[in-house]
A.B. asks: 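Have a look at this one before I ask anything.
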Amino acid sequence: MAEQCFLGIDLGGESGRVMAGLWNGERMRLEEVHRFPNGALALGDSLRWDLLRLWSEIESGLTIAAQRFGDSIVSVGADTWGVDFVLLSKSGELLGQPRHYRDPRNLIAVESMLQRVSREEIWAASGIQFMPINTLPQLVAMREHNPELLDAADCFLMIPDFLHWCLCGAKAVELTNATTTQFFHPTQRRWSHELLAKLGLPTAMLPEVVQPGTDLGAVTTAVANRTGLRGVRTIAPATHDTGSAVVAVPTQRTGQANWAYLSSGTWSLLGLELPQPIVSPRALELNVTNEGGVDGTYRLLKNIMGLWLVQQCRRAFEKRGGTADYAELVRLAEAAPAFRSLVDPDDPRFLSPADMPAAIADACRETGQPVPESEGQFVRCALESLALKYAKVLGWLEELSGRRVEVIHVVGGGGRNALLNQFTANATGRTVLTGPVEATVIGNLLVQARAAGEIGSLAEIRRISGASAEMQEFRPLQIAAWQEAAERFARLQP
């Protein structure tokens with residue numbers, strides 16, 4: 001058969017791209033069409049997303065795709081990070097410049113939120129871990145600082161849903177991203193209107209929630225005229241990037257919890273795919289989260305600060321005239337002494353520091369450990385600490401689910417970091433399988449292909465994902481040394 005083309009818009013914290021998925025009936029072949037930078041934009045004392053520039057870059061990518069693939073293009077869909085949002089007025093005007101989840105005012109908003117509604121009540125209404133980046137504290141902050149924007153809001157959209165609105169005019173929020181807000185009910189699968197009302201937040205602005213794979217309509221005439229995309233459908237994939245990445249986990253153990261996924265990138269998201277959420281008091285105590293997945297599944301997971309620590313160290317090194325190449329930094333880390341210094345990756349000081357190496361150094365001083373003295377030592381500290389945190393969180397997930405994990409599937413860009421993958425196997429004592437590196441966009445594209453009737457089931461999606469990816473296996477080594485390090489690491493936890 002002639003190849004069909006599906007287009008994936010994939011935005012991450014550092015970059016965005018338009019990707020083509022070329023489907024021949026058996027495999028999905030990826031081709032990068034257009035890549036562009038992304039990141040927080042400082043505006044006064046706030047952090048924002050430059051969303052209009054991102055849309056301009058996306059249209060440029062779609063134009064290139066239309067020129068390259070023409071009438072073979074079937075559909076387009078977007079995935080991004082979770083929690084962030086835009087507000088539209090009644091006439092469709094964008095209200096304000098959307099804030100970045102690391103915006104500093106969110107930290108204060110969490111305290112204000114918990115003064116009005118208890119932690120237990122918020123947990124019961126959302127099943128979502130407490131983090132200052134969540135949409136709920138962001139809206140509380142907006143109510144306190146920019147009430148005029150909320151008062152004028154006619155429609156609330158998450159970032160990928162806004163991109164779909166730009167494409168086809170549909171006003172809907174896709175399920176996997178809706179569940180990251182902290183105001184979507186985990187068992188009733190609806191917006192938690194009562195919770196929002198108690199916090200003085202509007203609910204009329206909340207649109208319909210749609211399932212992954214929903215056809216939102218054809219691209220508008222205006223978009224078609226600017227890009228050349230004609231008759232192309234807009235399909236909502238699993239719009240949360242982790243949701244799309246988990247779709248592409250190449251396991252045939254669908255529905256069983258004897259495997260875990262680790263979506264490894266700026267953030268690390270370690271979790272299990274389960275048939276229902278776990279909203280027990282113990283789950284609240286451990287501050288885990290329940291996010292919606294494809295085909296009625298739930299992702300019981302924990303956000304971990306991830307390769308953000310290394311990314312921010314690299315930026316600091318570059319400013320000082322040091323090493324800016326990730327591969328070289330990993331090589332230096334591999335040569336550095338083992339377990340010299342350890343930190344808790346989820347220490348709040350690492351969320352948005354002015355200088356990441358300085359923040360790591362401070363944490364080491366406060367815990368009576370040697371301060372890293374070289375680029376390699378800083379990066380090794382970050383990677384070993386991440387692996388040990390993975391092991392700790394994996395134990396929590398096994399406790400909550402009552403099942404033992406045998407294999408950890410690492411998907412996403414972090415799968416390229418062989419040193420971290422080996423550390424993960426060592427720390428957890430589990431086999432680690434990496435790939436696909438491009439899991440997020442593959443999951444996006446394969447859900448679109450299923451919506452077009454080309455693929456039948458989630459199990460088939462995963463079989464195709466595995467056949468389209470390069471896999472690598474890591475087995476545990478140096479187990480005794482890592483167990484000893486884990487005991488040290490446990491003493492760092494609050």
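Remember, it's a predicted structure, so these values are computed and weren't measured experimentally. No hydrogens, no waters, no symmetry mates; every other heavy atom, side chains included, goes into these values.
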A.B. asks: Apply ring pair (Phe, Tyr, Trp, His ring centres under 6.0 Å) to Trp165 and list each qualifying residue two or more places apart in sequence or on a separate chain.
C.D. replies: Phe162
A.B. asks: Taking only residues two or more places apart in sequence or in another chain, which ones pass ring pair (Phe, Tyr, Trp, His ring centres under 6.0 Å) with Trp308?
C.D. replies: none
A.B. asks: Name all residues meeting the side-chain hydrogen bond (donor to acceptor under 3.5 Å, both in side chains) criterion together with Asp161; count only those two or more places apart in sequence or in a different chain, and write none if there are none.
C.D. replies: none
A.B. asks: List for me each residue that meets ring pair (Phe, Tyr, Trp, His ring centres under 6.0 Å) alongside Phe183, sequence neighbours excluded, and say none if there are none.
C.D. replies: Phe156, Trp191
A.B. asks: Supply the atom-to-atom distance Cys381 SG to Phe339 CZ, rounded to the nearest 0.5 angstrom.
C.D. replies: 12.0 Å
A.B. asks: Does Asn421 have any side-chain hydrogen bond (donor to acceptor under 3.5 Å, both in side chains) partners at least two apart in sequence or in another chain, and if so, which?
C.D. replies: none
A.B. asks: Side-chain donor-acceptor contacts of residues 195-209 below 3.5 Å, not counting sequence neighbours, with atom names and distances?
C.D. replies:
from	atom 1	to	atom 2	distance (Å)
Lys198	NZ	Glu121	OE2	2.3

A.B. asks: List the residues meeting side-chain hydrogen bond (donor to acceptor under 3.5 Å, both in side chains) with Thr266, not counting sequence neighbours, and say none if there are none.
C.D. replies: Gln311
A.B. asks: According to side chain to side chain contact (heavy atoms under 4.5 Å, CB included), who are the partners of Leu114, at least two apart in sequence or on a separate chain?
C.D. replies: Val110, Arg119, Ile122, Phe130
A.B. asks: If you look only at pairs with a residue in residues 135-145, which of them pass as a side-chain hydrogen bond (donor to acceptor under 3.5 Å, both in side chains), with sequence neighbours excluded?
C.D. replies: Asp84-Gln138, Ser112-Glu144, Arg143-Asp151
A.B. asks: Output every pair passing side-chain hydrogen bond (donor to acceptor under 3.5 Å, both in side chains) with a member in residues 278-293, not counting sequence neighbours, ordered by first then second residue.
C.D. replies: Arg282-Glu285, Arg282-Glu399, Glu291-Arg299
A.B. asks: Mind listing the side-chain donor-acceptor pairs of residues 386-397 below 3.5 Å, one per line with the distance, residues two or more places apart or on another chain?
C.D. replies:
from	atom 1	to	atom 2	distance (Å)
Lys389	NZ	Asp344	OD1	3.0
Lys389	NZ	Asp346	OD2	2.8
Tyr390	OH	Ser268	OG	2.7

A.B. asks: For Gln483, what residues pass the side-chain hydrogen bond (donor to acceptor under 3.5 Å, both in side chains) criterion, not counting sequence neighbours?
C.D. replies: none
